[in-house]
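Following: one structure in structure tokens, then a few remarks.
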Amino acid sequence: MNFDLGSDELALRDAIRELCTREFPVRRRFDRAGWKQLADAGVFSLRQSHGAGLGMTESVIVFEELGRALVAGPLVATHLAAGLFDADVVTCLDGDIATYPEADVLLQMGGEYVYAIEQFDFTPLEPLDPLTPVGRVGPGVAGSRLDVDPRQLQGLGAALTAALSSGIASRTVELAVEYAKERTQFDKPIGSFQAVKHMCADMFVRAEVARAAIDAAGVMLDEHHDDVARAVTGAKLLASEAAIANCKTCIQVFGGMGFTWEVDVHLYLKRAAVLATQFGGVDHQAELAASRI
Amino acid sequence: MDLRYTDQELAFRDELRGWLAHALEDVPDEPPRDDWAARREFDTSWQRRLFDAGYAGIDWPREFGGRGGTPTEQLIFLEETTRAGAPYVGVNFVGLLHAGPTLAAEASDEQRAEHLPKILRGDEVWCQGFSEPGAGSDLASLQTKAVRDGEDYVVNGSKIWTSFAQVADYCELLVRTDTPKHKGITWLICSMSLPGIEVRPLKTIQGSSEFSEVFFNDVRVPAINRVGDENDGWRVAMVTFSFERGTAFVSELLDSMQLLKRLVELCKRNGRWEDAGVRRELAHLSCDFDALWALTKRNITQAERSGIPGPGGSVFKLSYSEARHKLGDLAMRVLDEATLSGESEEHIRGWMHAMSITIAAGTSQIQRNILAERVLGLPR
């Protein structure tokens, strides 16, 4: 047993972090040039034999980094599709709503099937997250059924989405702590007050517990553990909650500025809310976990 | 990263399982809660059996009578003994989890040779003399005084929250030997049979009596029993705490998972499982405990790499103790009027127990200060 990042994993993490810092500032919108950079870095082909041939353990580490950097785009669906068919930009269709509807292909997952939809129309909608465009798809679509186990694909999608959320949970701890060290009131940094310290400590606890859960789920997917479905469900539940709770606490630490577009914290909160809905929300995950106790 | 046990670890697990299946057949019934003589006998007899079978001090060095195994093997030991329903460490807790590791790290060769094998054999029971009525979270303000007189320290003062004091042979005792707050503290090995020591048990919220107040009245502790230098006891105590926060709660977590399972079974029997609110809260707790188990494995890996437990212990304790509050509160809601009598004893006891673990071994507020200042670097 060896359950902390080893030297190869740290090198992978640092390489992705460096790419994100250099090329993907927080406010960068989804664009195809950036998408190609991510593809060239192996983000989507990570688990494919023609790519790096790595597993979910490493994919989770990479997606935690993409989450931290708030990289925009349908990352999870495009990564999942890499093993199924050839397309540059792939997104998910939930009901009749798709994020990033300018994608090339929509993945539609039901309980018993997965469809790849290549011909569709959409009507743009006002998005919750300004960096995650949303559209209503249909009414008529055309596509083909894929020969793939929908539950397995949903499990992988939930794990990768949880990794993105976990990244947000970790990054917002750093943002809150940096601000609490700089901002002075009553002639002291606000981070010297226990009321603020304890909020930051609670953020750290939520982030570290969620990170342990999703890292474990990634490893268990690769090792085909008996309890893997429960681990993925738990990780998705805890990471979704940790991300939203940490973003909210981060806004509280930033005070009035946190409520504005002057700082970026609102973007993390809105992305965390988007991710929480994808591959099964918190109540859905809780029901899944109940069925697996 | 991997979560697989190695072949060596699996071999250890299988051998232990085989031994446990056989050894647990003739363990006597647990004695009554307040019969301390019988409890000492029960807990130390089991420890002696573990020692004889080579399962005492799994990750203690061989030179001190331990097995010389890895922290992962210690984790496997806790996992297997808890699942098999083997006796808990009980009165051996302080010796095995606090005093012993501290002596191994900080004591002289003579002190280690004198105490460590006896702790492992169950021949020596220890208690902790750290907190005082006036020194709780602010432990370094402790006032129990030790004045050097010839070859002895003469100790006067009182300690509190001293678990198992009524049956302990030795006390890990923090005393004040000088005025500077943190640099005037000394760590002593104090025999509990010395003249001038008086033990007064306290009754806890659960009705149990493991805590005591201990009064020291001109107690002469030989200076040779000092661990570390005079006035260097605070640093030695920090070593003790890193062990306390490191892995001391692992068996508790495994117990909590089983307690949650029994509450789920109870809810399935009495129909409360049909209530989606209750069902989802139970499911959430099972996710919390699973995540804490993963965090435990991360903490163990970090301890294996660095030699001492890191700040992950504080993260674990904060999160675990909150989950136990949620479990206790949920059990009380689900059980409803069945909580009015002793029929649901384990869940009522668990509910009350939660209140101790957000206080003991550093309150949740102190843990948050530790994380905020030492890990996140926020100013004091």
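Lettering follows sequence order; numbering is per chain, from 1. Values below: every heavy atom of this structure, side chains too, minus hydrogens, waters and symmetry copies.
Crowding of B:K261 atom NZ: a count of heavy atoms from other residues, nucleotides or ligands under 6.0 Å not exceeding 12. In the displayed structure, A:K248 atom NZ is contacted under 6.0 Å by at most 12 heavy atoms of other residues, nucleotides or ligands. By the 6.0 Å contact criterion, CG on B:D138 is enclosed, its count of non-hydrogen atoms from other residues, nucleotides or ligands being greater than 12. Environment of CD in B:E346: crowded, with over 12 heavy atoms of neighbouring residues, nucleotides or ligands closer than 6.0 Å. The environment of CH2 in B:W60 is crowded: more than 12 heavy-atom neighbours from other residues, nucleotides or ligands sit within 6.0 Å. In the displayed structure, A:Q252 atom CD is contacted under 6.0 Å by at most 12 heavy atoms of other residues, nucleotides or ligands.
With a 4.5 Å cut-off on side-chain heavy atoms, A:M203 and B:L376 do not count as touching. When side chains are defined from C-beta on, A:H198 counts as touching B:Q365, because their heavy atoms get closer than 4.5 Å. Between B:L378 and A:C200 there is a side-chain heavy-atom pair separated by less than 4.5 Å. Within the 4.5 Å cutoff, no side-chain heavy atoms of A:V282 are placed close to those of B:R280. Looking only at side-chain heavy atoms (C-beta outward), A:D4 and B:M1 stay at 4.5 Å or farther from each other.
With a threshold of 4.5 angstrom between heavy atoms, A:R206 does not approach chain B through any atom at all. Interface residue B:D2: backbone and side-chain heavy atoms are both found under 4.5 Å from chain A. Interface remark: A:L288 contributes no atoms to any contact with chain B (heavy atom separation under 4.5 Å). There is no contact between A:E174 and chain B, counting heavy-atom distances below 4.5 Å. Only the side chain of A:L238 has a heavy atom closer than 4.5 Å to any heavy atom of chain B. Residue A:Q194 touches chain B through its side chain alone, counting heavy-atom pairs closer than 4.5 Å. For a residue to count as touching a neighbouring chain, one of its non-hydrogen atoms must lie under 4.5 Å from one of that chain's; by this rule B:L75 touches chain A with the side chain only. No part of B:W293 comes within reach of chain A, as not one of its non-hydrogen atoms sits under 4.5 angstrom from that chain. The contact between A:D283 and chain B is made by backbone and side chain atoms together, counting heavy-atom distances below 4.5 Å.
A:A212 and B:A294 get closest at one heavy-atom pair: O-CB, 3.7 Å. Contact detail for A:S192 and B:R380: the closest heavy-atom pair is CB-O, 4.0 Å. Contact detail for B:T301 and A:N2: the closest heavy-atom pair is CG2-OD1, 3.2 Å. The two residues B:L3 and A:E223 make their nearest non-hydrogen contact at N-OE2, 3.0 Å. Between B:L371 and A:A201, the shortest heavy-atom contact is CB-CB, 4.1 Å. Between B:R298 and A:F3, the shortest heavy-atom distance links the atoms NE-O, 3.2 Å.
Of all residues in residues 151-168 of chain A, none places a non-hydrogen atom less than 4.5 angstrom from a non-hydrogen atom of chain B. Residue-level contacts of residues 282-289 of chain B with chain A, in order of numbering, are B:L282, B:A283, B:H284, B:S286, B:C287, B:D288; threshold 4.5 Å between heavy atoms.
Going from atom NZ of A:K197 over to atom CD of B:E373 covers 3.5 Å, rounded to the nearest 0.5 Å. To the nearest 0.5 Å, atoms OG (B:S319) and CZ (A:F204) are separated by 12.0 Å. The structure places CG of A:D215 at 13.5 Å from NZ of B:K297, a figure rounded to the nearest 0.5 Å. To the nearest 0.5 Å, atoms CZ (A:R211) and CG (B:L295) are separated by 9.0 Å.
Under the 3.5 Å distance criterion, the side-chain polar atoms of A:K188 are left unmatched by any main-chain donor or acceptor of B:P379.
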Would you check, one step at a time, whether the test side-chain contact (heavy atoms from CB on, under 4.5 Å) holds for B:R368 with A:V205? CA-CA 9 Å; B:R368 289 186 180 101; A:V205 169; over 6 Å; no
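Contact count against chain B (heavy-atom pairs under 4.5 Å) is highest for A:E241 among A:E241, A:M220, A:M199, A:E58. Heavy-atom pairs under 4.5 Å with chain B were tallied for A:D8, A:T57, A:L237; the largest tally goes to A:L237.
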